[in-house]
Amino acid sequence: MNKTKLTLKDVAEQLGVSTATISNAFNRPDQLSKAKREEILAQCKKIGYSGPNKAAQILRKGTSNIVALVLADSISYMVSDPVASTFIKGVSSALQENGKHLLLYAGDSDSILDVVDFVDGFICYGQPRNSNLVAELAVSPKPVVTVDFDIEDKPSINIDNEEAAYRVASHALNEGDNVAIFGLRLIDSPSTCRIYDSPLIDVDSSIAHRRLDGYLRAAEEKNITVSNERIWHLPESDRHFARQAAKEVLTSSPRPNVVLCMSDIIALELLHLALDMNIKVPEELKITGFDGIGEAERARPRLTTVCQSSSGKGVEATKALLNQVTTKSTLPFELQVGETV
């Protein structure tokens with residue numbers, strides 16, 4: 001069987017028409033009668049020709065109607081995370097409404113250069129695990145919008161993570177409390193551990209560090225000191241890592257009576273383990289989360305958390321990209337008071 005890809009010229013010769021006629025049938029249907037176009041398309045299908053080379057068209061026209069969504073981590077991890085998956089749905093729906101297509105791109109990939117010529121722009125959700133991608137996005141010739149982190153001189157969509165963390169912690173804390181914090185990607189470690197004296201990573205750009213700042217500011221106002229041995233690093237917002245931290249904190253002595261968690265997934269795993277150990281929530285242990293996922297509302301007792309619209313973030317990021325917005329935007333959040341405080 002002949003595997004050689006047919007060119008526009010090959011097809012025109014086989015069908016006995018001009019290359020312009022073939023091109024019009026695929027790209028400019030108004031230039032042909034309906035009957036003629038249907039005849040040409042049927043003949044093309046019969047000989048296995050699906051149209052002019054799309055990559056060449058994109059390079060020639062400079063537009064593809066494709067937007068790349070660069071995720072913070074691997075695609076398999078991000079689509080399984082309820083916050084990230086809701087954000088992706090928001091982006092997808094906004095793109096579809098505007099006749100655009102979505103390309104998911106993993107944040108642990110080697111480079112965006114593989115796709116930069118074939119997309120109209122980038123939405124970057126969270127700081128990519130591979131920091132080289134940030135450097136490439138900073139100088140990308142295509143429009144870039146970041147979400148939940150910033151690149152200098154690029155538009156972004158965020159909430160005030162420090163203020164949100166401060167608000168939920170202030171609601172939970174009382175003077176004299178024994179406090180622990182479950183953080184996300186605070187240090188360079190693949191394992192759940194206390195941060196002790198390890199150097200903090202990505203301090204300037206990380207939303208985790210903004211949340212940590214908010215927690216510590218609220219604690220300081222209540223005359224509470226939270227030492228580094230009471231701050232846990234979790235490499236991912238994942239139930240496995242959360243359960244490891246939860247087992248350690250709930251069996252520590254003295255056991256904290258307040259745990260501030262940087263995601264609802266982490267907080268819910270802690271809540272479930274505490275209840276399994278017959279620890280009364282909130283009488284003996286107060287727990288806060290962050291994100292406002294549906295599971296937090298359905299939990300019993302209901303989780304006290306920060307609610308942010310992940311789908312709304314996706315829509316706003318898409319609008320910013322398509323409308324070529326150049327400013328940074330801060331979206332609202334809401335303190336969702338539940339029954340764990």
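Counting begins at 1 with the first residue of the sequence.
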Got a salt bridge between [X] and [Y], using NZ or NE/NH1/NH2 to carboxylate O under 4.0 Å?
| X | Y | result |
| --- | --- | --- |
| Glu295 | Arg239 | yes |
| Arg217 | Glu162 | yes |
| Glu175 | Lys222 | no |
| Arg129 | Asp108 | no |
| Glu229 | Arg194 | no |
| Asp120 | Lys142 | no |

Compute whether any side-chain donor of one residue and acceptor of the other, for [X] and [Y], lie under 3.5 angstrom apart.
| X | Y | answer |
| --- | --- | --- |
| Tyr49 | Gln14 | no |
| Ser263 | Ser237 | yes |
| Asp177 | Asn257 | yes |
| Asp160 | Thr330 | no |
| Asp10 | Thr7 | yes |
| Glu136 | Ser111 | yes |

Supply the atom-to-atom distance [X] [atom1] to [Y] [atom2], rounded to the nearest 0.5 angstrom.
| X | Y | atom1 | atom2 | answer |
| --- | --- | --- | --- | --- |
| Thr86 | Asp291 | OG1 | CG | 9.5 Å |
| Cys44 | Glu39 | SG | CD | 10.5 Å |
| Phe290 | Phe333 | CZ | CZ | 7.5 Å |

A quick test of your reading: do over 12 heavy atoms of other residues, nucleotides or ligands sit less than 6.0 Å from [atom1] of [X]?
| X | atom1 | answer |
| --- | --- | --- |
| Asn323 | CG | yes |
| Asp114 | CG | yes |
| Glu283 | CD | yes |
| Asp188 | CG | no |
| Gln96 | CD | no |
| Lys319 | NZ | no |
| Lys247 | NZ | no |
| Glu284 | CD | yes |

For this session: State yes or no: do Ile75 and Leu95 share one hydrophobic cluster built from I, L, V, M, F, W and Y residues joined by side-chain heavy-atom distances below 4.5 Å, directly or via other members?
Result: yes
Quick one: does [X]'s side chain have a donor or acceptor within less than 3.5 Å of a partner on [Y]'s backbone?
| X | Y | answer |
| --- | --- | --- |
| Ser170 | Arg167 | no |
| Asn98 | Ala94 | yes |
| Asn65 | Lys100 | no |
| Asn161 | Ile207 | no |
| Arg37 | Leu32 | no |
| Tyr215 | Cys261 | yes |
| Glu269 | Ala242 | no |
| Lys328 | Lys154 | yes |
| Lys286 | Ala172 | yes |
| Asn130 | Ser109 | yes |

For this session: For the pair His209 and Leu186, evaluate side-chain contact (heavy atoms from CB on, under 4.5 Å) and give the outcome as yes or no after the intermediate values.
Result: CA-CA 7 Å; His209 288 294; Leu186 296 173; 3.6 Å; yes
Problem set entry | Step-by-step side-chain contact (heavy atoms from CB on, under 4.5 Å) determination, Ile293 to Val83 | CA-CA 7 Å; Ile293 65 174; Val83 180; 3.5 Å; yes
For this session: Compare every heavy atom of Arg28 with every heavy atom of Ser23, then report the nearest pair and how far apart it is.
Result: OG-NH2, 3.3 Å
Seminar exercise, completed: Per side chain to side chain contact (heavy atoms under 4.5 Å, CB included), Thr340 is matched among Leu270, Leu303, Leu268 by Leu303
For this session: Please work out which of the three classes, parallel, tilted or perpendicular, describes the rings of Phe87 and Tyr125, given edges at 30° and 60°.
Result: parallel
Problem set entry | Residue pair Ser311, Lys89: steps toward the side-chain contact (heavy atoms from CB on, under 4.5 Å) verdict | CA-CA 6 Å; Ser311 177; Lys89 288 177 183 177; 5.6 Å; no
